[in-house]
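Read the numbers this way: they start at 1 and go in the same order the structure lists the ligands and their atoms. FYI, the numbering just counts along the sequence from 1.
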Amino acid sequence: MSDDARSYPIAPHGGALVDLLAGPEAAPALAAEAANLPKVVVNERELSDLEMLATGALSPLTGFQGERDYRSVLETMHLADGLAWAIPVVLSFTDEEAHRVGGADSIALAASAEAAPLAILRVSGTFARDKRREATSVYRTDDLEHPGVKALYDSGDTCVAGSLEVIALPGHDDFVNYRLTPAETRAAFQERGWRTVVGFQTRNPIHRAHEYIQKCALEIVDGLLVHPLMGATKADDVPPDVRMRCYEALFGGYYPKDRSMISVFPAAMRYAGPREAIWHAIARKNYGCTHFIVGRDHAGVGTYYGTYDAQKIFEEFEPGELGITPLMFEHSFWCNRCEGMGSPKTCPHEADDRVSLSGTKVREMLAAGERPPQEFSRPEVADILIAALQRG
Ligand SMILES: [Zn+2]
């Protein structure tokens with residue numbers, strides 16, 4: 001890949017796209033070294049972070065964060081050097097793991113006890129994870145009912161910081177054709193001649209409302225990257241394989257092939273609402289997006305965040321600081337009197353004229369084998385969801 005693709009169409013966060021993956025010459029020596037180091041198994045969330053660090057999705061980070069950056073991110077939403085950053089990326093060890101590795105200055109990280117190490121962590125320091133402060137700062141709550149807070153409190157108490165040298169990316173046997181690294185999405189945008197690209201984060205099937213928002217955004221830019229998050233999510237979210245079939249059906253029938261792409265975002269979901277919206281936007285900048293869609297209650301869960309908090313938080317940064325343009329959207333719907341999709345910004349009619357269904361109602365209909373109105377959900381998407389629910 002050319003240097004062009006790394007900086008095109010916009011510079012990565014911090015200026016340079018990080019690449020921690022050892023090349024074919026260096027990898028065997030690293031693997032041999034790792035075989036003799038103390039080994040620690042990272043959890044599913046940390047494995048997602050490792051993959052994102054390795055490929056530069058979290059540029060400018062080159063490893064798991066140390067205490068200065070950790071504190072700085074919690075208190076100021078910036079790294080210690082002043083660059084905007086909203087969510088800490090740290091590696092937690094349990095007391096047993098911390099004791100076992102002792103004062104090792106290099107540690108092998110693996111996905112399971114049997115698996116070969118994926119990376120070597122060059123340890124720069126350790127510190128106690130301030131879970132209470134992290135919860136109230138990142139999640140705005142320390143309620144254990146919150147899935148992000150629960151995962152935080154379930155993690156080990158000691159953070160081990162350091163840079164990573166990556167031997168191999170975590171293996172995946174699903175969506176292999178969709179797993180583009182930031183360098184690869186940048187090259188794909190360049191190949192298509194896109195100079196402006198809007199990214200869309202999702203962990204749900206896409207219904208008409210989100211299709212409308214994406215297409216409104218696409219009217220003003222060259223290309224659309226639908227970037228579904230495929231790392232760990234809550235157990236009651238729609239499974240990744242079902243979601244991917246829905247995206248493929250939509251793209252097959254309703255999206256222009258030369259203007260839109262699907263690729264997998266390997267991150268794990270934090271459900272941190274506003275702060276996660278910032279973090280999602282910065283990561284998409286690293287993938288080469290110039291614009292990023294922020295809807296209502298982005299990355300939210302339950303009633304922990306206000307409907308527009310994830311949009312308002314962008315105002316807490318100086319213009320240009322994030323380097324990606326957020327596009328804020330209202331909730332949208334089909335209106336029978338407008339005879340088209342719209343939002344409260346564009347449709348003057350009453351609720352009775354609008355086709356609006358709660359998530360609960362939609363799930364009930366799908367579970368009963370019933371398609372929601374086609375103004376709400378494309379029949380191709382509804383049928384995939386019905387079939388998945390009936391399979392159990
Ligand atoms: Zn209307």
Side-chain angles (χ1 to χ4, degrees), residues 196-228 238 243 246-247 249-257 259-260 262 273-274 277 280-281 291-303 305-315 325-386:
T196 50
V197 182
V198 62
F200 183 81
Q201 147 70 28
T202 180
R203 63 171 202 274
N204 287 307
I206 293 170
H207 297 293
R208 294 291 301 272
H210 285 125
E211 178 185 336
Y212 171 73
I213 287 170
Q214 292 166 16
K215 289 180 174 178
C216 283
L218 183 52
E219 292 289 359
I220 61 164
V221 296
D222 296 335
L224 165 69
L225 175 67
V226 172
H227 212 204
V238 178
R243 285 195 280 135
C246 293
Y247 305 143
L250 259 189
F251 266 62
Y254 303 96
Y255 284 59
K257 289 187 175 48
R259 291 285 175 194
S260 41
I262 311 175
H280 279 164
H291 295 70
F292 182 65
I293 292 171
V294 186
R296 289 162 32 117
D297 201 25
H298 184 106
V301 61
T303 53
Y305 311 108
T307 307
Y308 298 101
D309 286 358
Q311 299 184 346
K312 285 187 217 144
I313 195 172
F314 282 80
E315 293 165 15
T325 305
L327 299 177
M328 317 296 192
F329 283 93
E330 265 286 353
H331 82 105
S332 54
F333 43 76
W334 175 275
C335 171
N336 288 321
R337 289 187 65 194
C338 291
E339 295 186 316
M341 298 296 298
S343 78
K345 280 174 87 176
T346 54
C347 157
H349 303 119
E350 303 294 323
D352 282 356
D353 297 313
R354 299 171 177 173
V355 179
S356 210
L357 298 173
S358 70
T360 311
K361 175 70 185 162
V362 175
R363 275 191 294 279
E364 277 172 18
M365 293 182 78
L366 294 168
E370 195 183 332
R371 283 181 184 167
Q374 62 176 2
E375 293 85 359
F376 182 89
S377 199
R378 300 281 187 194
E380 295 90 335
V381 172
D383 289 350
I384 290 164
L385 294 171
I386 288 170

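- Aromatic rings of Phe292 and His298 (six-membered ring for Trp) have centroids within the 6.0 Å cut-off, being under it.
- Here the side chain of Arg259 pairs a donor or acceptor atom with the backbone of Asp222 at under 3.5 angstrom.
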Check residues 250-257 and write down every donor-acceptor pair under 3.5 Å in which the side-chain atom is one partner and the other belongs to a residue at least two apart or another chain.
unit_1, atom_1, unit_2, atom_2, d
Tyr254, OH, Glu380, OE1, 3.1
Tyr254, OH, Glu380, OE2, 2.8
Tyr255, OH, Gln214, OE1, 2.7

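- With sequence neighbours excluded, no residue forms a salt bridge (charged side-chain N to carboxylate O under 4.0 Å, His left out) with Asp297.
- By the criterion of a separation under 2.8 Å, the protein N/O/S atoms near the Zn ion (ligand 1) amount to Cys335 SG, Cys338 SG, Cys347 SG, His349 ND1.
- The aromatic rings of Phe200 and His210 are tilted relative to each other, their planes meeting at an angle between 30° and 60°.
- In terms of the side-chain hydrogen bond (donor to acceptor under 3.5 Å, both in side chains) criterion, Arg337 has no residue partners (sequence neighbours excluded).
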